[in-house]
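Just so we're on the same page: letters track the sequence lines, and every chain starts at 1.
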Number of protein chains: 2
Amino acid sequence: MPRTATTLDAADTSLRQQVYASLREALTSGRFAPGQKVTFRYVAGVLGVSLTPVREAMRRLVAEGAFEMNPNRSVRVPLMTRDKVLELRDIRMELEGLAAAKAALAATRSQIAGIRHAAREIIVARNRGDGATDRQKVREFHFAVYAAAGQPTLLRLIEGLWLQTGPYMNLLYPDFISSSRGPAGRQRLIEALQAGDAATARREMENDIRRALSYVAGLADENGNIAPAIPVTAGKRRRPSASAAVFELQVN
Amino acid sequence: MPRTATTLDAADTSLRQQVYASLREALTSGRFAPGQKVTFRYVAGVLGVSLTPVREAMRRLVAEGAFEMNPNRSVRVPLMTRDKVLELRDIRMELEGLAAAKAALAATRSQIAGIRHAAREIIVARNRGDGATDRQKVREFHFAVYAAAGQPTLLRLIEGLWLQTGPYMNLLYPDFISSSRGPAGRQRLIEALQAGDAATARREMENDIRRALSYVAGLADENGNIAPAIPVTAGKRRRPSASAAVFELQVN
DNA sequence: AATGCATTTTTGTGATCACAAATCCCACGA
DNA sequence: TCGTGGGATTTGTGATCACAAAAATGCATT
């Protein structure tokens, strides 16, 4: 089942939570153009709710770094730069490396089975050339490892970091992926988890993140800016449908 | 000057920001009892504002882990446990160690001078037996190092972690402090920063955090719970004064 | 005195309104 | 052609209201 949220938000049915989830989904799947201004009233209109839950959801995303706020109090999708990618790379290597190490010490047999299953699904999607499923499964694989670490605060921090890098992971496809030694690394990671070898698990995780984000950093132009991966759903007009509303990709 | 906020919130004069700052200050100085229920209307009453800015400030603090929310939608101050302290210890060692390493590569001469100054002020406060100033200066010392790393996202993450451990750092006084080798460690850290020795800077920072938080974890009772350091300001009734309002310490 | 139940009060949620600051837009002049 | 100024519009902010869920309270019964 394709759950995107991983924290224990459990049964929060509040509108605010739904708005938060919608915006999060729209951000990670790249339905907002970086630099795009996103107004409260626009989001409220698209989702068919009032300003109140939108404000709270968007403020939270600002606090998490998924949106940023100009001094002149307007909310924008952050632009990605080489420096920011490199900063996120180093932070993620630390935290996700730590999570992998903890997972090696704490993972149960069934958790390891789940991780192994996700790894196989990556291969399947990749052999089919299905990039979207591939990315989804990569996410599931990683978070299966992090969940096995059993550290809730750590998990929440990592989710926040994925929210910031998410829109740019499309850039890994297809060039980086095809030349990648990802499957072998994941295999070594799984074996380390099973053997309880924390140091190896950490090293494999760090290597995976280093290679991917270093590649993305290399895509920066001469000003250090990184263009986002443009999704396919531009143009089409949609009317505000309550829950599963979709955002336009408008470049201003 | 005793600034507590460290991020570039610059000139955000919004009520929401003021409420956020007030609550943050109240939390870090331990004016709320862990487990205490904190209602929106109570905070709004104490600070003399409407619910709107209070809601947004408190939701942000919930997202940051400084408050937690029951499934029955009521906001409480989180209880600290041994497991949580140990998790925070390991995360902080990674991130603050990384920041120290980056600072060793990036700090300017004037930044190092500022760090050295803060270290001296710790000694002064400690010799006077002034615990409150001591803690404040320790905070300034650490964040002077982290600021020198020049990594804004990393800085923001570290601030969030300090917000969670903050109320419990009082527990280090006076026993841990007197038996501590802190000053010598800080001296070695400063020398590593000056020499551009990232590995040593990281190691010293990691050791500092490991020792402090391991000590706090050792204070847990048989159930794994850790009692907060109770501040001195209990009891007295106060009326809502607009900006510098103080919160009661009410234990329910 | 303890317990079960109904009523009252408290409390979070979402919508709406008023207002000021920021932004936009277009005519006007150099 | 390119600013430039000022009025109209947009947009974030904070207050207030209505409502439903949750918690507290009171009361009767055993």
(request) With sequence neighbours excluded, tell me which residues meet salt bridge (charged side-chain N to carboxylate O under 4.0 Å, His left out) with B/D130. (result)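 Residues passing salt bridge (charged side-chain N to carboxylate O under 4.0 Å, His left out) with B/D130: B/R128.
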
(request) Could you list the residues that satisfy salt bridge (charged side-chain N to carboxylate O under 4.0 Å, His left out) with B/R16, not counting sequence neighbours? (result)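 By the salt bridge (charged side-chain N to carboxylate O under 4.0 Å, His left out) rule, B/R16 matches B/E56.
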
(request) Using distance alone, with no hydrogens and no angle criterion, decide if B/S29 and B/R31 have a side-chain donor and acceptor under 3.5 Å apart. (result)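 Yes.
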
(request) Tell me which of B/R55 and A/S74 sits closer to the 5' end of DNA chain C, going by the nucleotide each one is nearest to. (result)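 The residue mapped nearer the 5' terminus is B/R55.
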
(message) I want to confirm an ordering. Mapping A/N70 and A/R16 to their closest nucleotides on DNA chain C, which one lands closer to the 5' end?
(response)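 Looking at DNA chain C, the more 5' nearest nucleotide goes with A/R16.
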
(message) What range of DNA chain D does chain A touch, first nucleotide to last, counting atoms under 4.0 Å from its heavy atoms?
(response)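 Reading along DNA chain D, I get D/dT11 to D/dG14.
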
(request) Give one of base, sugar-phosphate or nothing for B/T52, where a contact means two heavy atoms less than 4.0 Å apart. (result)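 Base, at least one base atom sits under 4.0 Å.
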
(request) Remember a base hit wins even if backbone is also touched, and classify B/M69 as base, sugar-phosphate or nothing at under 4.0 Å, heavy atoms. (result)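 It contacts sugar-phosphate atoms only.
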
Please list, one pair per line, the donor and acceptor atoms closer than 3.5 Å that link side chains of residues 89-102 of chain B to other protein atoms, with sequence neighbours excluded.
| unit_1 | atom_1 | unit_2 | atom_2 | d |
| --- | --- | --- | --- | --- |
| B/R89 | NH1 | B/S214 | OG | 2.9 |
| B/D90 | OD2 | A/K102 | NZ | 2.4 |
| B/R92 | NE | B/E96 | OE2 | 2.6 |
| B/R92 | NH1 | B/T165 | OG1 | 3.3 |
| B/R92 | NH2 | B/E96 | OE1 | 3.2 |
| B/E94 | OE1 | A/R202 | NH1 | 3.4 |
| B/E94 | OE2 | A/R202 | NH1 | 3.0 |
| B/E94 | OE2 | A/R202 | NH2 | 3.1 |
| B/E96 | OE1 | B/Y146 | OH | 2.5 |
| B/E96 | OE1 | B/W162 | NE1 | 3.4 |
| B/E96 | OE2 | B/W162 | NE1 | 3.2 |
| B/K102 | NZ | A/D90 | OD2 | 2.4 |

(request) Rounded off to whole Å, could you give me the NZ-to-C1' distance for the A/K37 and C/dT23 pair? (result)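 Atom NZ in A/K37 sits about 7 Å away from atom C1' in C/dT23.
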
(message) On the nucleotide C/dT23, are OP1 or OP2 found under 4.0 Å from the side-chain N or O atoms that A/N72 carries?
(response)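 Yes, A/N72 has a side-chain N/O under 4.0 Å of OP1/OP2 on C/dT23.
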
(request) Kindly write out the residues that satisfy side chain to side chain contact (heavy atoms under 4.5 Å, CB included) with A/N223, not counting sequence neighbours, or none if the list is empty. (result)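 Expected list: A/D221, A/N225.
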
(request) Scan residues 63-72 of chain A for pairs that pass salt bridge (charged side-chain N to carboxylate O under 4.0 Å, His left out), counting only residues two or more places apart or in two chains. (result)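 Every salt bridge (charged side-chain N to carboxylate O under 4.0 Å, His left out) pair that includes a residue of residues 63-72 of chain A, provided the two are not neighbours, is A/R60-A/E64.
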
